[in-house]
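Have a look at the structure below, then the notes.
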Amino acid sequence: MPSRYLTIQDCRSLMDFDPLAPRFLSELIRLSIKEKRTSFAIEKFREQHDHLRELELLKPEFEKFFALDYGMLPVCYALAIVAEEMMDQPVPPDPVAALGFANRFSEFIRQPKPRTYWYQGLERRFKAYVLLWLHDLHKVDITAFVQSVTEEMKDKNVDLQSIDITYAYVFPYLMDDTEIQYKAITGMLENARTKDSALNTIKDFGGINPIRAAALYEYAKSHDGVRYEGLFTHFLKGLYPIDGDHCVNEAIELHKQSYVECIMAISWLDYNDDKHIITVFDFTQQQTETTIEYLRILPSFYTRLIDNQYTPEEIKKECFRLIGELTTNEDSQLRGDLVWRTGMINGHDSEKMDLLPMFMAWGHLGFLNDYFSHFDSPSSLFSLLRQAFLEHGMSVDLNLFTRAVSGQYMLHQAQFSRELLKFLSDDLAIIRFAGVRIMMSRYGGSYEVNFLNLDEEGQLRVIESLLPTPTSIEQLMPLIMKLRNSLYSSVRARLESELITLIAAYDHHVVDMVGEHLDIKQEGDKKVLDNLNEAYKTFKLDKDARLKIKELDPMENELPSVELYYQLEHENQTEMMERINRQSFFAQLARKITMIRGSGFNTETNQDISLLGEVGTSKLIDRRYSINPDAYEWNFRMNAMEKNYDEGAGQ
Amino acid sequence: MKNIIVREYLESLTESEELDFIFPILLEVMGFKIISTPRITKGLAQYGKDIVAIGTDDDSIRKRFYFEIKGGADKDITPATYSKRDGVRESIIEAKDRSFNDASNPDFDTLPIKIVLVHNGILRANVKETFDGFIEREFPSTAASVKRKWWQPNITPKTPKLEFERWDIYELTELFTQHLFNEYLLTDTGAIDRFKKVLVLINTPRNDYSDYFHLVNFIFEKAGPNAAMGERKRLLFFETLRMISFIVYHYSRDARNLDAARKCIPYTVLKVWSWILENNLEKEQKVMRHFEKNAQVLHQALTDYFESTLPAAKRKDGLWAPNGGRYEQVGYPVRAMEYIAYLIFYYKWQQQFDDKIGNLSDQQIDSLVTVLNNNDGTTRPFLDNHSISICLVLNFLIENGKVEDAKTYLRNVQGSVQIAYHTHRRLPDGGNRIESVIRLVVRRQKSVYYEDSTSHLFGIMLEYMAVLGMDTEYKSFMEFLKQLNINLAVFIPYDDHQLGQYLPDNKLSHEQNLISHTLYQEGYQAEIVLEDDFAAFQAKTLAKPVFTYNYRTQQAGLIYLLVLAHVYFKTPLFPSAWRLIRIGAPV
């Protein structure tokens, strides 16, 4: 639908006609500036929301919040009034001064943290608005002004630095001649810096002012518009909601000038009619074009049709088949786009899983992390993981799936937990092992699951999978401790005995960690803690007795070997840090100065002494590993590979 | 300087038994004939006669000497130590009043008596008057001779029947310096420095005991061959060695860490035995008595060592050190292997001297099996020469009728070797360098010195499997080794004839080589070729010739010394240790 607000006069009329609008806008803008936020709870501002929604001055809602749309002129109109009041001066009628005013106002509302740009697109839209205001009310030729700004002027005056980008926002509202407009827009398309802004503007142009957009499109057609890749596509995309039939025909007709522009246009139209879809799909099926430039656009075409709600099912099915056909092409750009766009298709889990082996056959599995981000359910991912662990055992590189796993956890938490619980209590040891690895693969923590949702056997299996050789006890403890409230006494007893076993691995940390999750006012919890403390006491007596025996103390009798061990370990860590630093983005930005003595440093340019900060993290290590790493690792593998409850089940 | 070192050493003898131990050594080198020592009278009331000896006094008169020793908490004469029950006063009165008979010395009862109060402290001023008054009363004719300088001429014109003297720390310092330390230990600045370092550094963590070893070597150099020394010099030689062994033992025990004693004293004992062999003295009873006294210090040190550690070692992973951190990945198994080697050596030594062997070996087996069961470090060889510990365990179990336990142990070792390879691609280092092993464990890098393409340990294990009839284990281990393409062999020493033939510069016999250092050049590597058929391999192994040698050490009844030589110098056991085993027949 074309915009209701094309001029400053339109804004004035609205404000005069509807006094609530300026009041609500002013209220929300001031609140926004005061609280440094752009969204408001609908519930709290119900009246403002409903009224401004009616006037189409809000952005699409996100959950229970709404935000003002500064792309709408009346919002900027109200903003300008607030700005003049806050800055205690009117917007100057000169373009450079007006942009300076907008800049100062923007900085003012960022205070006290001027580097925090909390207001998203407000600044750019406000600058575009003041230019339009000068154009409408002060008859300033904005196009001429923008074209008169040289690179040198931009360097000297910060207010002019992004004038060309700002111009793209005001472009659809200017009343310039078509010829001037064409010259201006093609000028922007020729400049790599402004090309994207220009294309966006052309796309928006159709929605804001379709008549002038259509005129400019016709002008481009009759001139050298085909030279500019994407120009017609964006025009048609913007104009399609106004006249779909015409745009579809225009898009198809484009093949006479350029197959690439044609397939691009028909790919990017947001179809709202199955007739149009059938037409363009049939058209593409009749084409015999095989240039790689053409083929590279087909993934967008097929995937956008699949995602389109108006596409008939049989065409969607055909699109999936055609995607499959494209996988045989060896062009890397096409392949990259194909797998990425297929992954972006919403839902269609089964069809996407059918395509997966074809993508995997390429031999590069890096795409897997993103492939599942638009799946409707984590079942497919877990099914793939199951297959991977069954085929490759412990050698599966879970890094290939970490983002996919975290993505599914974010999207479908309940279902994810169910799948993970199934893994953790599976008949097959390797699948339980996979479950543990998946659970612990969350960055900086573990994925939360509620073990109490399992039956007795499942809960016992979880304890057996997780506790004998825990991979990260700190993250595991909050989850596993929930089992102390299990309905089954066998589970509670097993949990307690396994925790007692862990004292040898983690010393008193186990008692501390367990204590954090217990409520000693509860009889059962108190008993668990008492038993643990009792076991720890015995352990401590034994440990202290050992420490008194100097004959067996390596610090007394084997110090050179001990020192060699830790010296080599230090060397190892230093080399590892060196490797990390070499690949570090920060290391490329920063100058590296190694400190060889001192707890702080200064530079000639900054005489202040900077003290070294301490950055550290600690992770509990299972002490049993140092007793017998071979057996520890072997037991770990056996636990992961061999301990099956029912041979062959679940395969 | 010399006196200060000696005085500090004597003052440091904080336990009364320590002075009891070294004082008789002094008396012997001073020419006294010792009739009774605290060890002999242990457990019996001594009545003020800790040591009874016959000797010639400064007045050239042969006398009975009753030495009353006060050390430890009683070393200083204070009002308290003087007057307490069994204190100085009471002891002197008892020494005077109770008679001591010795039928083996016919003239003993007729000799005049001299009571000597020996204490490694001083007479406090606040009790001096009381003490002097007491001596004047009890020994009226010799009161004037209670003097600080005991060796000054006695001014008493007529020899009394009952005399008294007091030897305090200063006098003891003079005596020890003059009669004992001057001959071998404190002969020049180098030796004094070395001795000082031994005393100061013995229990410092980084000590590699090189000062101790140099000092011992120096004493041997100084002594030269037996032919060049007289009776007294030889006595001093043995006693000096015994003294420094004792010093190490004493300092280690004071520091509650007998590890230094375990590492140092065997060196002296083996070196003394090597010297005895070199000088063909093993049949001289006097010499053997001296040697036994030297060995006794080691036995005592090991007894204390195992009394301190065995209860802990018998606990679950008792040989693992909680404060070792990640180093224990290597430290624990290496320590455990060494521990069981010494334990078995100690047990075999005990068995040699214990009459109730059956009862003793039951206890030993029980302890050993407990240590093995609770310490998987004892089954994890990191070095090829951990074969020594493994062979000793297997033989000890087999000798004591525990063949099934021996098989279980061997199975465990085999399992550990295979798991170590499957988990960390690690096989024991044939170069026997702990540094290489640590590097491999920490950095996952094999140093150029790491040698795992040839293994004696695996060769030995497979031959044990043959003699123990472990068919299944043999086959699975053989399969494992075949994949790794490892050369198998054992070390066989040259006999004396071969030494002359292949190493003409080596003038020592095989036995002397074995007793004095680790054997490396002094033998050859004999290849072992596996057979697919176990019976064929078994027959081949049992039929193989074994190295036999007439050890003089064994003839002297000191077979335990051969075990000590293997354990201490880390020379792998020779094939005769297992190829002669026949299950069902005595080993």
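In what follows, chains carry the letters A, B, and so on, assigned in the order in which the sequence lines appear, proteins first and then strands, with residues in each chain numbered from 1.
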Practice prompt. Going by the salt bridge (charged side-chain N to carboxylate O under 4.0 Å, His left out) test, name the single residue among B:Arg443, B:Arg326, B:Arg439 that passes it with A:Glu569.
Written response: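 Of the listed residues B:Arg443, B:Arg326, B:Arg439, the salt bridge (charged side-chain N to carboxylate O under 4.0 Å, His left out) partner of A:Glu569 is B:Arg326.
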Please rank [options] by heavy-atom pairs under 4.5 Å with chain A and give me the top one.
options: B:Asp259, B:Ile434, B:Asp376; value: B:Asp259
options: B:Ala321, B:Pro311, B:Pro322; value: B:Pro322
options: B:Ala313, B:Gly415, B:Pro205; value: B:Pro205
options: B:Val330, B:Asn323, B:Thr309, B:Val441; value: B:Asn323

Worksheet item: For B:Ser416 and B:Thr379, does a side-chain donor sit closer than 3.5 Å to a side-chain acceptor?
Response: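 The criterion, which ignores hydrogens and geometry beyond distance, is satisfied for B:Thr379 and B:Ser416.
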Where does [X] contact chain A at under 4.5 Å (heavy atoms): side chain, backbone, both or neither?
X: B:Ala260; value: neither
X: B:Arg444; value: side chain
X: B:Tyr339; value: side chain
X: B:Val334; value: neither

Quick one: what part of [X] sits under 4.5 Å from any heavy atom of chain B, side chain, backbone, both or neither?
X: A:Ile627; value: both
X: A:Asp507; value: neither
X: A:Tyr632; value: neither

Fill in: Partners passing side chain to side chain donor-acceptor pair (under 3.5 Å) against B:Asn203 (at least two apart in sequence or in another chain)
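Checked B:Asn203 against side chain to side chain donor-acceptor pair (under 3.5 Å); zero matches.
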Worksheet entry | Residues which pass side chain to side chain donor-acceptor pair (under 3.5 Å) with A:Glu558, listed by chain and number, not counting sequence neighbours |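 Scan of A:Glu558 (side chain to side chain donor-acceptor pair (under 3.5 Å), adjacent residues dropped) gives B:Tyr327, B:Arg335.
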Fill in: B:Arg426 to B:Phe382 six-membered ring, cation-pi geometry met (6.0 Å, 45°)
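Yes.
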Worksheet item: Within 45° of the six-membered ring axis of B:Tyr409 and under 6.0 Å from that ring's centre, is NZ or CZ of B:Arg411 located there?
Response: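 Checked: cation-pi criterion not met.
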Discussion item. Checking side-chain contact (heavy atoms from CB on, under 4.5 Å) between B:Ile344 and each of B:Val563, B:Ile388, B:Leu392, which is the one that passes?
Written reply: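 Looking at B:Val563, B:Ile388, B:Leu392, the match for B:Ile344 under the side-chain contact (heavy atoms from CB on, under 4.5 Å) is B:Leu392.
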Worksheet item: Ring centroid separation for B:Phe477 and B:Phe458, is it under 6.0 angstrom?
Response: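 Centroid separation for B:Phe477 and B:Phe458: below 6.0 Å.
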